[in-house]
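Every value quoted in this text rests on a predicted model; they were computed, and no experiment measured them.
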Amino acid sequence: MRKIFLLSVIAMSVIACNQNPLLHQPATPYGVPAFDKVEVKHYMPAFEEGIKQQKAEIEAIVSNPETPTFDNTIAALDRTGSLLASVEGVFFNLLETDGNDEMHAIAENIMPQLSELSDGIYMNEALFERVKAVYAERENLGLTPEQMRLLTETYKAFANNGANLSDEAKARLMEINKELGVLTLRFGNNLVAETAHDRFFITDENELKGLSDDIKAAAKAEAQAAGRDDAWLFTTARTSFTPVLQYCENRELRKQLLLAYASRCNRGNEYDNKAIILRQLELRIEKAQLFGYNTPADQILEDCMAKTPQTAYDFLLSVWEPSLQAAKREAKELQEMMNLDLNGNSKLYTLNSKLQPWDWWFYAEKLRQAKYALDQDEIRPYFELSNVRKGAFLLAHNLYGLNFEKLENMPIYHPEVEVFKVTDAEDNLVGIFYTDYFPRSTKMFGAWMNEIQGQFVDANGVDHRPTIINVGNFTKPTADKPSLLSLDDVETLFHEFGHALHGLMSKATYHSLSGTNTPRDFVELPSQFMENYCYRPEILKTYAFHYQTGELIPDSLVEKLQRAAQFNQGFVETELLSSSIMDMDFHMLSSAEGLDVNAFEAASMEKMGMIPEIITRYRPTNFNHIFGTSGYQAGYYSYTWSAVLDADAFAAFAETGDILNPEVAARFKRLLEQGGTIDAAENYLRFRGKEADPQYLLRKKGFIK
């Protein structure tokens, strides 16, 4: 009877496994996840099995009686956890894009388990002994440069994750990592919930004076979807409130929306993140000091291009001063325009005549039109979403020989998702590319690239090509209009597509070195590099067609775009850099005792000389990059660091007189393909032949001649 019972249990287990689409290779085109078959009930069993399998794979390495070698220890370790990685790739992407309360509960349950698994691997003394044995013989093993890189990075990963700590310190580190994982998740969940909660219903159309019919139609559709046929709905999602800031004459509404956006998770309610931030900082400081570092920034930046917090901080300050001076000049111009408006139509205002943050966008748009006759509403019809995406695809074809084919009847997790097959010039599969572009109450705000399945070469020499997704929050189409993008939206689409290309074009052998597995201050180079192209005349003419007439964007509008390219750049850089400096200020703390998050932010802004007319891009309580899931703590400076690289890289093309120069493109393609297989600084040096020159960025922004 016992034998029969055991066979029955095994049979039931096999059936359950086969019924869970996350636990076996799906019978889908190109092996993509079976999104259409995955249900919430499948996640926990899949996570549990994935954890179980990786533990068994680790034990097999540890118990191997053979002498440790690169293949049976380092390469074998890189290959562990494939099932778990595939489950994580599906779950965490859907948590950010289509999450619900059940999934958030699963995330809070599984995060400590994943942290415990990771700690258990890196603190496994027997496993580390094998790694050390291979590392000690590294110069005698005849390794390829990529193998040497993997060996070195693996050894450092063990050291950086506690392998050399005392047993007592290891135990404390595991507790810290578990708690940090949960806190990070809660921070992001609060932000999603608060953003979804912020809804401004306007019932009097007169309060929307200045907004275009398109914007009002979109707001009307949002209100109707929320069950309010009598109103227009605006939220603190950027695609919703930005047009209000730019065009709406209702100053009070502008103020309400901007302050609501800036104060998310800082209102003393159930979504308040201040206590979470304080606890995160305490734990990050304690963790850094366990390893002998004074501050979290000291620990984090050691493996980045900047190497030290002071280098990163000095770099930020070198760009901050010219940016701030430009912003002050811009504020003066906007104040003068506002004064003219007040003199001519004082009924517009009930507050004082001092330029405020909720006035900046409004008068910047007026000044843009006055200086350059450039009206975003005039340009937006030429930036229909699918055409802009086609333009990005064509650019990738012209630079790198890539081709994009839309795939129908693919498994997707939401009707708005689209799927593309990416091939090279020889029709070899490069990867599968998903796009998910429109806002939902279940989706995180902002835009990002995720790796659903990463690229690697398995033990049999088979190259597994990646599955990559771009996620956005662009304006939804309405009943009579497609999605029309703003200038910022166009840049965002090209930016995230640059990240996607970095992941898609990877040609690494080992998963942990492939794609975007690079230092944080290098990873924004491929994305920001693409932004250089989106408004170049020769590129605009490949995608900027009027959505109604099909007319190519006229030369007169292209000329206006070119003349306005450096407009408002003081604001753009000051808004960004202030967040970057604040990030460094938080993570250069050696103690968080008695810290008041809001007071610390205010002191940081005062120290850097931030002008009151600008609100920093992110306030601490909604700064998901550094306190949520994005992992940019002590690394938000990377956007500007990479901006120096991208301006310098684009100059390599421009200096030849051909921004699509095939020889330069081939070198840059190789840079993208390398991933983390070589040192980031060396990778860039191989492409450019010299270190990046910051002067290109300052000229691009118009801060110097």
Side-chain angles (χ1 to χ4, degrees), residues 382-383 387-404 422-428 430 487 490-502 504-505 507 522 524-545 552-566 569 642-674 682-702 704-705:
Y382 293 95
F383 293 147
N387 283 341
V388 177
R389 182 173 57 192
K390 286 177 186 176
F393 286 174
L394 183 58
L395 176 58
H397 173 78
N398 290 333
L399 283 171
Y400 312 122
L402 301 183
N403 301 296
F404 295 77
V422 187
T423 55
D424 64 16
E426 287 75 41
D427 204 33
N428 298 309
V430 172
L487 296 174
V490 173
E491 289 185 11
T492 297
L493 188 148
F494 273 75
H495 177 104
E496 298 305 333
F497 185 58
H499 281 309
L501 291 175
H502 197 188
L504 286 164
M505 295 168 65
K507 285 191 176 180
F522 181 86
E524 293 299 333
L525 165 60
S527 55
Q528 294 181 175
F529 172 76
M530 292 294 284
E531 295 179 38
N532 290 285
Y533 285 91
C534 56
Y535 298 132
R536 296 284 298 199
E538 53 268 63
I539 305 302
L540 278 168
K541 291 182 179 180
T542 68
Y543 74 84
F545 300 96
L552 178 65
I553 188 169
D555 290 340
S556 58
L557 281 182
V558 174
E559 183 182 346
K560 290 177 183 179
L561 275 173
Q562 298 305 303
R563 288 194 293 112
Q566 295 176 341
Q569 287 302 300
S642 294
V644 169
L645 297 176
D646 89 65
D648 185 87
F650 187 72
F653 286 84
E655 287 168 354
T656 71
D658 179 6
I659 62 171
L660 300 173
N661 183 286
E663 188 274 327
V664 181
R667 295 205 313 269
F668 197 74
K669 179 182 180 184
R670 184 59 184 146
L671 175 145
L672 296 175
E673 293 171 343
Q674 294 274 22
E682 181 185 347
N683 195 9
Y684 190 80
L685 195 60
R686 288 185 185 183
F687 159 70
R688 190 67 162 112
K690 65 181 184 66
E691 292 185 355
D693 185 347
Q695 300 301 306
Y696 287 110
L697 176 64
L698 297 178
R699 290 194 192 102
K700 176 182 174 181
K701 296 294 182 180
I704 63 173
K705 298 298 184 183

Check your understanding: Roughly how far, to the nearest 0.5 Å, is the CG atom of Asp424 from the CG atom of Leu504?
Key -> 12.0 Å
Point to revise | Partner set under side-chain contact (heavy atoms from CB on, under 4.5 Å) for Pro537, not counting sequence neighbours | key: Val558, Gln562
Exercise for review: Return yes if a side-chain donor-acceptor contact under 3.5 Å exists between Ser556 and Glu559, otherwise no.
Suggested key: no
Study note, to complete from the structure: The reported gap from NZ in Lys390 to NE2 in His397 (rounded to nearest 0.5 angstrom) is 15.5 Å
Practice item. Could you check if a side-chain atom of Phe653 sits within less than 4.5 angstrom of a side-chain atom of Asn532, using non-hydrogen atoms only? Key: no
Exercise for review: Using modelled atom types only, decide if a donor and an acceptor are shared between the side chain of Tyr684 and the backbone of Ala692 within a distance under 3.5 Å.
Suggested key: no
Check your understanding: Is the closest side-chain heavy-atom distance between Met505 and Val422 below 4.5 Å?
Key -> no
Point to revise | Phe687 vs Val664, side chain to side chain contact (heavy atoms under 4.5 Å, CB included): CA-CA, chis, key distance, verdict | key: CA-CA 8 Å; Phe687 159 70; Val664 181; 3.9 Å; yes
Check your understanding: Who are the side-chain hydrogen bond (donor to acceptor under 3.5 Å, both in side chains) partners of Thr656, not counting sequence neighbours?
Key -> Asn661
**Study point:** Which atom of Gln528 lies closest to which atom of Ser642, heavy atoms considered
**Key:** NE2-C, 3.4 Å
Point to revise | Shortest non-hydrogen contact from Glu491 toward Cys534 | key: CG-SG, 3.9 Å
Practice item. Apply side-chain hydrogen bond (donor to acceptor under 3.5 Å, both in side chains) to Arg699 and list each qualifying residue two or more places apart in sequence or on a separate chain. Key: none
Check your understanding: Run the side chain to side chain contact (heavy atoms under 4.5 Å, CB included) check on Leu671 and Leu525 step by step: do they pass?
Key -> CA-CA 10 Å; Leu671 175 145; Leu525 165 60; 4.1 Å; yes
Exercise for review: Apply salt bridge (Lys or Arg N to Asp or Glu O under 4.0 Å) to Arg670 and list each qualifying residue two or more places apart in sequence or on a separate chain.
Suggested key: Glu673
Review point. With sequence neighbours excluded, what pairs up with Asp693 under the side-chain contact (heavy atoms from CB on, under 4.5 Å) test?
Key: Asp648, Lys690, Gln695, Tyr696
Review point. Sequence neighbours excluded, which residues qualify as side-chain contact (heavy atoms from CB on, under 4.5 Å) partners of Asn398?
Key: Leu394, Leu660
Point to revise | All salt bridge (Lys or Arg N to Asp or Glu O under 4.0 Å) counterparts of Lys541, not counting sequence neighbours | key: Asp555
Exercise for review: Please identify each residue that fulfils ring-ring contact (aromatic ring centres under 6.0 Å, His included) with Phe404, with sequence neighbours left out.
Suggested key: Phe393, Phe497
Point to revise | Partner set under ring-ring contact (aromatic ring centres under 6.0 Å, His included) for Tyr382, not counting sequence neighbours | key: His546
Review point. Leu501 and side chain to side chain contact (heavy atoms under 4.5 Å, CB included): which partner among Met530, Glu496, Lys669?
Key: Met530
Practice item. Evaluate side chain to side chain contact (heavy atoms under 4.5 Å, CB included) for Leu540 paired with Leu561, printing each intermediate quantity in order. Key: CA-CA 10 Å; Leu540 278 168; Leu561 275 173; 3.8 Å; yes
**Study point:** By side-chain contact (heavy atoms from CB on, under 4.5 Å) - contacts of Lys701 (at least two apart)
**Key:** Gln569, Glu573, Leu697, Phe703
Exercise for review: Check ring-ring contact (aromatic ring centres under 6.0 Å, His included) between His495 and all other residues, then give those that pass, not counting sequence neighbours.
Suggested key: His499
**Study point:** Steps toward side chain to side chain contact (heavy atoms under 4.5 Å, CB included) verdict (Phe650, Phe668)
**Key:** CA-CA 10 Å; Phe650 187 72; Phe668 197 74; over 6 Å; no
Check your understanding: When rounded to the nearest 0.5 angstrom, what distance separates CD1 in Ile553 from OH in Tyr535?
Key -> 9.5 Å
Review point. Rounded to the nearest 0.5 Å, what separation is found between the CD atom of Glu531 and the CG atom of Asp646?
Key: 7.0 Å
**Study point:** Phe529 ring center near Phe494 ring center (under 6.0 Å)
**Key:** no
Point to revise | Least distance between heavy atoms, Ala651 atom then Arg688 atom | key: CB-NH2, 3.8 Å
**Study point:** Beyond-backbone contact of Val490 with Tyr543, side-chain heavy atoms, under 4.5 angstrom
**Key:** yes
**Study point:** All salt bridge (Lys or Arg N to Asp or Glu O under 4.0 Å) counterparts of Glu663, not counting sequence neighbours
**Key:** Arg667
Point to revise | Beyond-backbone contact of Leu395 with Ile539, side-chain heavy atoms, under 4.5 angstrom | key: yes
Practice item. Take atom CD of Glu538 as the centre, draw a 6.0 Å sphere, and report whether it contains more than 12 heavy atoms from other residues, nucleotides or ligands. Key: yes
